[in-house]
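Structure first, then comments.
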Amino acid sequence: MLDRIRASMPALPPAEQRVAKLVLADPRSFASLPVAELAERAHVSKPTVVRFCRSVGYDGLADFKLKLAGSVNEGVPFVHRAVDEDDKPADLIVKVIDNAISALLKFRNDAASHAFERALDALATAGREGRRIEFYGVGNSGIVAQDAQHKFFRLGVNAVACSDGHVQVMSATMLRSGDCAVVISNSGRSRDLLDATEIARKKGATTVAITASGSPLAQKAHILLAADHPEDYDRYSPMVSRLLHLTIIDILTTGVALRMGEELRPMLQEIKRNLRLKRYSDAQ
(Lines give C-alpha, C1' and ligand atoms only; values in the text may rest on other atoms or scores of the structure.)
Protein backbone atom coordinates (compact mmCIF):
# COMPACT_ATOMS: atom_id res chain seq x y z
CA MET A 1 0.00 0.00 0.00
CA LEU A 2 2.82 2.43 0.86
CA ASP A 3 4.50 1.57 -2.43
CA ARG A 4 1.26 2.33 -4.24
CA ILE A 5 1.03 5.74 -2.53
CA ARG A 6 4.66 6.48 -3.36
CA ALA A 7 4.11 5.58 -7.00
CA SER A 8 0.94 7.70 -7.22
CA MET A 9 2.47 10.86 -5.72
CA PRO A 10 3.58 12.55 -8.99
CA ALA A 11 -0.01 12.52 -10.26
CA LEU A 12 -1.53 14.07 -7.12
CA PRO A 13 -2.25 17.80 -6.60
CA PRO A 14 0.30 19.58 -4.36
CA ALA A 15 -1.99 19.63 -1.32
CA GLU A 16 -2.68 15.89 -1.58
CA GLN A 17 1.05 15.27 -2.03
CA ARG A 18 1.57 16.79 1.41
CA VAL A 19 -0.90 14.29 2.83
CA ALA A 20 0.91 11.46 1.02
CA LYS A 21 4.24 12.58 2.51
CA LEU A 22 2.66 12.57 5.97
CA VAL A 23 1.47 8.99 5.44
CA LEU A 24 4.85 7.80 4.21
CA ALA A 25 6.73 9.56 7.05
CA ASP A 26 4.75 7.82 9.81
CA PRO A 27 2.05 5.41 8.60
CA ARG A 28 1.29 4.02 12.06
CA SER A 29 0.49 7.46 13.46
CA PHE A 30 -1.57 8.39 10.40
CA ALA A 31 -3.74 5.31 10.94
CA SER A 32 -4.57 6.35 14.51
CA LEU A 33 -4.85 10.16 14.45
CA PRO A 34 -8.16 12.05 13.93
CA VAL A 35 -8.74 13.88 10.67
CA ALA A 36 -8.37 17.32 12.25
CA GLU A 37 -4.87 16.57 13.50
CA LEU A 38 -3.90 14.94 10.20
CA ALA A 39 -5.03 18.05 8.32
CA GLU A 40 -3.11 20.31 10.70
CA ARG A 41 0.10 18.28 10.38
CA ALA A 42 -0.11 18.23 6.58
CA HIS A 43 -1.12 21.94 6.43
CA VAL A 44 -4.23 21.13 4.42
CA SER A 45 -7.99 21.16 4.98
CA LYS A 46 -9.89 18.16 6.33
CA PRO A 47 -11.69 17.59 2.99
CA THR A 48 -8.25 17.42 1.30
CA VAL A 49 -7.30 14.49 3.54
CA VAL A 50 -10.45 12.65 2.46
CA ARG A 51 -9.89 13.54 -1.21
CA PHE A 52 -6.37 12.13 -0.99
CA CYS A 53 -7.72 8.81 0.30
CA ARG A 54 -10.12 8.62 -2.63
CA SER A 55 -7.45 9.68 -5.13
CA VAL A 56 -5.31 6.68 -4.24
CA GLY A 57 -8.24 4.27 -4.61
CA TYR A 58 -10.04 4.00 -1.27
CA ASP A 59 -13.64 4.74 -0.25
CA GLY A 60 -12.69 7.42 2.26
CA LEU A 61 -10.57 8.10 5.33
CA ALA A 62 -12.00 5.26 7.42
CA ASP A 63 -11.40 2.70 4.67
CA PHE A 64 -7.92 4.10 4.05
CA LYS A 65 -6.98 3.92 7.74
CA LEU A 66 -8.24 0.35 8.02
CA LYS A 67 -6.17 -0.81 5.05
CA LEU A 68 -3.17 1.23 6.19
CA ALA A 69 -3.18 -0.34 9.65
CA GLY A 70 -3.05 -3.77 8.06
CA SER A 71 -0.36 -2.89 5.56
CA VAL A 72 2.21 -1.59 8.07
CA ASN A 73 2.50 -5.06 9.56
CA GLU A 74 5.26 -7.32 8.23
CA GLY A 75 2.86 -9.83 6.73
CA VAL A 76 3.10 -13.60 7.02
CA PRO A 77 6.71 -14.78 6.54
CA PHE A 78 7.26 -17.14 3.58
CA VAL A 79 3.69 -16.52 2.38
CA HIS A 80 3.06 -12.85 1.49
CA ARG A 81 4.38 -9.55 2.81
CA ALA A 82 1.03 -7.74 2.61
CA VAL A 83 -1.35 -10.15 4.35
CA ASP A 84 -2.20 -11.11 7.92
CA GLU A 85 -2.93 -14.53 9.39
CA ASP A 86 -6.62 -13.73 9.99
CA ASP A 87 -7.38 -12.01 6.68
CA LYS A 88 -10.69 -12.91 5.06
CA PRO A 89 -10.93 -13.65 1.31
CA ALA A 90 -12.10 -10.08 0.63
CA ASP A 91 -9.04 -8.74 2.45
CA LEU A 92 -6.72 -11.07 0.53
CA ILE A 93 -8.14 -9.90 -2.81
CA VAL A 94 -7.53 -6.24 -1.98
CA LYS A 95 -4.11 -6.69 -0.39
CA VAL A 96 -2.59 -9.03 -2.96
CA ILE A 97 -3.85 -6.97 -5.90
CA ASP A 98 -2.89 -3.64 -4.32
CA ASN A 99 0.59 -4.97 -3.61
CA ALA A 100 1.02 -6.05 -7.23
CA ILE A 101 -0.40 -2.82 -8.66
CA SER A 102 1.86 -0.64 -6.53
CA ALA A 103 4.94 -2.59 -7.65
CA LEU A 104 3.94 -2.29 -11.31
CA LEU A 105 3.30 1.45 -10.95
CA LYS A 106 6.67 1.93 -9.29
CA PHE A 107 8.35 -0.03 -12.07
CA ARG A 108 6.56 2.08 -14.69
CA ASN A 109 7.81 5.27 -13.07
CA ASP A 110 11.37 4.04 -12.50
CA ALA A 111 12.04 1.99 -15.64
CA ALA A 112 15.10 3.11 -17.60
CA SER A 113 13.92 3.53 -21.19
CA HIS A 114 17.50 3.78 -22.49
CA ALA A 115 18.26 0.31 -21.11
CA PHE A 116 15.18 -1.09 -22.86
CA GLU A 117 16.26 0.67 -26.06
CA ARG A 118 19.64 -1.09 -25.97
CA ALA A 119 18.07 -4.47 -25.14
CA LEU A 120 15.49 -4.16 -27.92
CA ASP A 121 18.12 -3.19 -30.47
CA ALA A 122 20.29 -6.18 -29.57
CA LEU A 123 17.38 -8.65 -29.55
CA ALA A 124 15.81 -7.36 -32.78
CA THR A 125 19.16 -7.46 -34.57
CA ALA A 126 19.77 -11.01 -33.37
CA GLY A 127 16.30 -12.02 -34.51
CA ARG A 128 16.63 -10.49 -37.97
CA GLU A 129 20.07 -12.02 -38.53
CA GLY A 130 19.06 -15.50 -37.37
CA ARG A 131 21.31 -15.38 -34.33
CA ARG A 132 20.59 -17.24 -31.10
CA ILE A 133 18.49 -15.69 -28.33
CA GLU A 134 18.67 -17.67 -25.10
CA PHE A 135 16.78 -17.18 -21.85
CA TYR A 136 18.32 -18.44 -18.60
CA GLY A 137 16.56 -18.77 -15.26
CA VAL A 138 16.39 -21.20 -12.36
CA GLY A 139 13.45 -22.09 -10.12
CA ASN A 140 10.64 -19.57 -10.45
CA SER A 141 12.72 -17.55 -12.91
CA GLY A 142 13.06 -20.67 -15.05
CA ILE A 143 9.29 -20.55 -15.60
CA VAL A 144 9.59 -16.93 -16.73
CA ALA A 145 12.37 -17.99 -19.12
CA GLN A 146 10.05 -20.61 -20.63
CA ASP A 147 7.36 -17.96 -21.10
CA ALA A 148 9.91 -15.73 -22.85
CA GLN A 149 10.97 -18.56 -25.16
CA HIS A 150 7.33 -19.22 -26.07
CA LYS A 151 6.70 -15.56 -26.89
CA PHE A 152 9.89 -15.05 -28.92
CA PHE A 153 9.47 -18.38 -30.72
CA ARG A 154 6.23 -17.00 -32.20
CA LEU A 155 8.26 -14.17 -33.75
CA GLY A 156 10.15 -16.70 -35.85
CA VAL A 157 13.46 -16.18 -34.04
CA ASN A 158 15.88 -18.81 -32.79
CA ALA A 159 14.84 -18.70 -29.11
CA VAL A 160 15.65 -21.27 -26.40
CA ALA A 161 14.97 -21.40 -22.64
CA CYS A 162 17.36 -23.18 -20.25
CA SER A 163 16.60 -23.76 -16.57
CA ASP A 164 19.26 -26.37 -15.74
CA GLY A 165 22.61 -25.00 -14.57
CA HIS A 166 24.71 -27.51 -16.50
CA VAL A 167 22.75 -26.93 -19.71
CA GLN A 168 23.11 -23.17 -19.25
CA VAL A 169 26.89 -23.47 -19.04
CA MET A 170 27.01 -25.68 -22.16
CA SER A 171 24.63 -23.39 -24.03
CA ALA A 172 26.51 -20.21 -23.06
CA THR A 173 29.76 -21.81 -24.23
CA MET A 174 28.27 -22.21 -27.72
CA LEU A 175 27.21 -18.56 -28.03
CA ARG A 176 28.99 -16.20 -30.40
CA SER A 177 29.16 -12.50 -31.18
CA GLY A 178 25.72 -11.31 -32.29
CA ASP A 179 23.87 -13.80 -30.06
CA CYS A 180 21.95 -12.67 -26.96
CA ALA A 181 21.60 -14.21 -23.51
CA VAL A 182 18.74 -12.88 -21.36
CA VAL A 183 19.34 -13.88 -17.74
CA ILE A 184 16.39 -13.71 -15.32
CA SER A 185 16.83 -13.77 -11.54
CA ASN A 186 14.96 -12.36 -8.56
CA SER A 187 17.97 -12.18 -6.25
CA GLY A 188 20.69 -11.83 -8.89
CA ARG A 189 22.90 -14.10 -6.80
CA SER A 190 22.42 -17.56 -8.31
CA ARG A 191 25.85 -19.11 -8.88
CA ASP A 192 24.67 -21.02 -11.96
CA LEU A 193 23.33 -17.87 -13.61
CA LEU A 194 26.42 -15.84 -12.74
CA ASP A 195 28.61 -18.52 -14.31
CA ALA A 196 26.51 -18.69 -17.46
CA THR A 197 26.49 -14.89 -17.79
CA GLU A 198 30.25 -14.67 -17.45
CA ILE A 199 30.78 -17.40 -20.06
CA ALA A 200 28.33 -15.74 -22.48
CA ARG A 201 30.18 -12.43 -22.14
CA LYS A 202 33.53 -14.07 -22.82
CA LYS A 203 32.10 -15.67 -25.98
CA GLY A 204 31.05 -12.25 -27.28
CA ALA A 205 27.29 -12.53 -26.78
CA THR A 206 25.25 -9.56 -25.54
CA THR A 207 24.03 -10.29 -22.01
CA VAL A 208 20.78 -8.78 -20.70
CA ALA A 209 19.94 -9.14 -17.00
CA ILE A 210 16.40 -8.92 -15.63
CA THR A 211 17.14 -8.68 -11.93
CA ALA A 212 17.58 -6.42 -8.90
CA SER A 213 19.85 -3.43 -9.40
CA GLY A 214 23.05 -3.64 -7.38
CA SER A 215 23.09 -7.43 -7.42
CA PRO A 216 26.11 -9.41 -8.69
CA LEU A 217 24.19 -10.38 -11.84
CA ALA A 218 23.31 -6.73 -12.52
CA GLN A 219 27.00 -5.88 -12.44
CA LYS A 220 28.03 -8.72 -14.78
CA ALA A 221 25.57 -8.15 -17.63
CA HIS A 222 26.03 -5.70 -20.50
CA ILE A 223 22.46 -4.39 -20.11
CA LEU A 224 20.44 -4.21 -16.88
CA LEU A 225 16.64 -4.15 -16.92
CA ALA A 226 16.18 -3.47 -13.21
CA ALA A 227 13.20 -5.15 -11.54
CA ASP A 228 13.35 -3.64 -8.06
CA HIS A 229 10.59 -4.30 -5.55
CA PRO A 230 10.11 -4.52 -1.76
CA GLU A 231 9.59 -8.29 -1.72
CA ASP A 232 12.31 -9.90 0.44
CA TYR A 233 13.33 -13.03 -1.51
CA ASP A 234 14.63 -14.65 1.72
CA ARG A 235 11.31 -14.29 3.57
CA TYR A 236 8.55 -14.43 0.98
CA SER A 237 7.62 -16.58 -1.97
CA PRO A 238 8.24 -14.75 -5.29
CA MET A 239 4.97 -13.15 -6.39
CA VAL A 240 5.55 -9.51 -7.27
CA SER A 241 8.95 -10.27 -8.80
CA ARG A 242 7.39 -12.85 -11.12
CA LEU A 243 4.79 -10.32 -12.32
CA LEU A 244 7.49 -7.72 -12.94
CA HIS A 245 9.67 -10.18 -14.84
CA LEU A 246 6.73 -11.32 -16.99
CA THR A 247 5.85 -7.69 -17.70
CA ILE A 248 9.42 -6.97 -18.80
CA ILE A 249 9.30 -9.98 -21.13
CA ASP A 250 6.04 -8.66 -22.61
CA ILE A 251 7.66 -5.26 -23.22
CA LEU A 252 10.64 -6.90 -24.91
CA THR A 253 8.43 -9.14 -27.07
CA THR A 254 6.28 -6.23 -28.18
CA GLY A 255 9.27 -4.01 -28.91
CA VAL A 256 11.10 -6.67 -30.90
CA ALA A 257 7.96 -7.45 -32.92
CA LEU A 258 7.62 -3.77 -33.81
CA ARG A 259 11.27 -3.52 -34.80
CA MET A 260 11.11 -6.60 -37.00
CA GLY A 261 8.52 -4.79 -39.11
CA GLU A 262 5.31 -5.52 -40.98
CA GLU A 263 6.71 -8.61 -42.71
CA LEU A 264 6.32 -10.42 -39.38
CA ARG A 265 2.56 -9.91 -39.18
CA PRO A 266 1.45 -12.29 -41.97
CA MET A 267 3.24 -15.10 -40.15
CA LEU A 268 1.58 -14.22 -36.84
CA GLN A 269 -1.77 -14.13 -38.63
CA GLU A 270 -1.11 -17.56 -40.14
CA ILE A 271 -0.15 -18.98 -36.72
CA LYS A 272 -3.44 -17.70 -35.29
CA ARG A 273 -5.41 -19.16 -38.20
CA ASN A 274 -3.76 -22.59 -37.89
CA LEU A 275 -4.32 -22.66 -34.13
CA ARG A 276 -7.99 -21.85 -34.63
CA LEU A 277 -8.27 -24.64 -37.19
CA LYS A 278 -6.61 -27.07 -34.79
CA ARG A 279 -8.95 -26.13 -31.95
CA TYR A 280 -11.93 -26.55 -34.25
CA SER A 281 -10.62 -29.94 -35.44
CA ASP A 282 -9.99 -31.15 -31.87
CA ALA A 283 -13.56 -30.28 -30.95
CA GLN A 284 -15.03 -32.56 -33.66
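Throughout, numbering of the chain's residues begins at 1 and tracks the sequence.
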- Item | salt bridge (charged side-chain N to carboxylate O under 4.0 Å, His left out) assessment of E117 paired with R259 | CA-CA 11 Å; E117 186 77 29; R259 277 166 169 74; 2.8 Å; yes
- Begin from the C-alpha positions of D164 and Y136 and carry the test side-chain hydrogen bond (donor to acceptor under 3.5 Å, both in side chains) through to its verdict. CA-CA 8 Å; D164 178 271; Y136 301 154; over 6 Å; no
- salt bridge (charged side-chain N to carboxylate O under 4.0 Å, His left out) evaluation trace for K151 with D250: CA-CA 8 Å; K151 287 184 168 67; D250 279 349; 3.5 Å; yes
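Across all non-hydrogen atoms, the minimal contact from F152 to A159 is CB-CB, 3.8 Å. Residues V138 and S163 approach most closely at CG1-O, 3.8 Å, considering heavy atoms. The two residues T211 and S187 make their nearest non-hydrogen contact at OG1-C, 4.0 Å. When all heavy atoms of G165 and D192 are compared, the closest pair comes out as CA-OD2, 3.7 Å. When all heavy atoms of S213 and A226 are compared, the pair lying nearest together is CB-CB, 4.0 Å. Residues P27 and L68 share a closest heavy-atom pair of O-CD2, 3.4 Å.
Formation of a donor-acceptor pair under 3.5 Å by the D179 side chain with backbone atoms of I133 is not found in this model. Judged by distance alone, with hydrogens and angles left aside, the side-chain atoms of Q149 form no donor-acceptor pair with the main-chain N or O of V160 at under 3.5 Å. Using modelled atom types, no side-chain atom of D63 and backbone atom of G60 make a donor-acceptor pair closer than 3.5 Å. Here the side chain of R132 pairs a donor or acceptor atom with the backbone of M174 at under 3.5 angstrom. In terms of modelled atom types and a separation under 3.5 Å, the side chain of S29 and the main chain of D26 share no donor-acceptor contact. The backbone N or O of A212 lies less than 3.5 Å from no partner atom in the side chain of D228, so there is not a single donor-acceptor pair. With hydrogens and angles ignored, the 3.5 Å screen pairs a side-chain donor or acceptor of K65 with a backbone N or O of L33.
Rounding to the nearest 0.5 Å places OG1 of T197 at 8.5 Å from CD of Q168. Remark: E16 CD to R51 CZ distance equals 6.0 Å, nearest 0.5 Å. Rounded to the nearest 0.5 Å, atoms NZ (K202) and OG1 (T207) are 13.0 Å apart. To the nearest 0.5 Å, atoms CD1 (I210) and CG (L225) are separated by 5.5 Å.
Within a 6.0 Å radius of CD in E37, more than 12 heavy atoms belonging to other residues, nucleotides or ligands are found. For R54, the CZ atom sits in a loose shell: 12 or fewer heavy atoms of surrounding residues, nucleotides or ligands are nearer than 6.0 Å.
With sequence neighbours left out, the side chain to side chain donor-acceptor pair (under 3.5 Å) criterion links T254 to no other residue. Judged as a side-chain contact (heavy atoms from CB on, under 4.5 Å), and not counting sequence neighbours, the contacts of A15 are R18, V44, T48.
Here the side chains of L22 and L38 are in contact, with some heavy-atom distance below 4.5 Å.
Residues H222 and T206 bring no donor and acceptor atom of their side chains to less than 3.5 Å of each other.
With F135 as the partner, the side chain to side chain contact (heavy atoms under 4.5 Å, CB included) test is satisfied by one option alone out of V208, V182, V183, V144: V182.
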